[in-house]
Amino acid sequence: MNVVLNNPVLYVVDYPAHDAVEVIDKRRGVGVMFRDEAARRFRQELLDLEATPHEMDDYEDWIDGYETLMTQPAVYH
């Protein structure tokens, strides 16, 4: 388990042993778990975003494209 991103918009945890990525949209309090090819695609898109100059709004715009998949309520304890 590796925390790969923790900013005001997103919390992203990579589970390489399971080829999975957990993503929490902090603005909406929801998340999703991507596995296999979807996890690989998400990782690559995140790397691409971070490889270019960006602002916090860029994270918001990017993750909004995943909004319909992010349906699990995030429960903090």
So, E37 and R41, do they make that salt bridge, N to O below 4.0 Å?
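The answer is no: the pair does not qualify as a salt bridge.
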Are any of the side-chain nitrogens in D19 or R43 under 4.0 Å away from the carboxylate oxygens of its partner?
yes
What residues, two or more places apart in sequence or in another chain, satisfy ring-ring contact (aromatic ring centres under 6.0 Å, His included) together with [X]?
X: F42; answer: F34, W62, Y66
X: Y15; answer: none
X: H18; answer: none

Roughly how far, to the nearest 0.5 Å, is the [atom2] atom of [Y] from the [atom1] atom of [X]?
X: I63; Y: M70; atom1: CD1; atom2: CE; value: 4.5 Å
X: E45; Y: E50; atom1: CD; atom2: CD; value: 12.5 Å
X: L69; Y: M33; atom1: CG; atom2: CE; value: 14.0 Å
X: D25; Y: E60; atom1: CG; atom2: CD; value: 8.5 Å

How far apart are the C-alpha atoms of N6 and K26, what are their side-chain angles, what is the distance that settles it, and do they pass the side chain to side chain contact (heavy atoms under 4.5 Å, CB included) test?
CA-CA 10 Å; N6 186 9; K26 293 179 178 181; 2.4 Å; yes
So if you build clusters from Ile, Leu, Val, Met, Phe, Trp, Tyr with side-chain heavy-atom gaps below 4.5 Å, do L49 and I24 land together?
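Result: no, two separate clusters.
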Shared ILVMFWY cluster between Y11 and V9, side chains joined below 4.5 angstrom?
no
Any side-chain to backbone donor/acceptor pair from D61 onto D58? Under 3.5 Å, distance only.
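Flag not set: sc D61 to bb D58 has no pair under 3.5 Å.
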Shortest non-hydrogen contact from A20 toward A39
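Heavy atoms only, the tightest pair is CA-CB, 4.0 Å.
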Using every non-hydrogen atom in the two residues, find where M1 and V13 come nearest and quote the distance to one decimal.
CG-CG1, 3.4 Å
When you look at R27 and D64, which way does the side chain to side chain contact (heavy atoms under 4.5 Å, CB included) test go after all the steps?
CA-CA 11 Å; R27 302 166 304 161; D64 284 345; 2.8 Å; yes
Let's go through V21 and L46 carefully: what are the C-alpha distance in whole Å and the side-chain angles of both, what is the deciding distance for side chain to side chain contact (heavy atoms under 4.5 Å, CB included) to 0.1 Å, and is it a yes or a no?
CA-CA 11 Å; V21 177; L46 182 57; over 6 Å; no
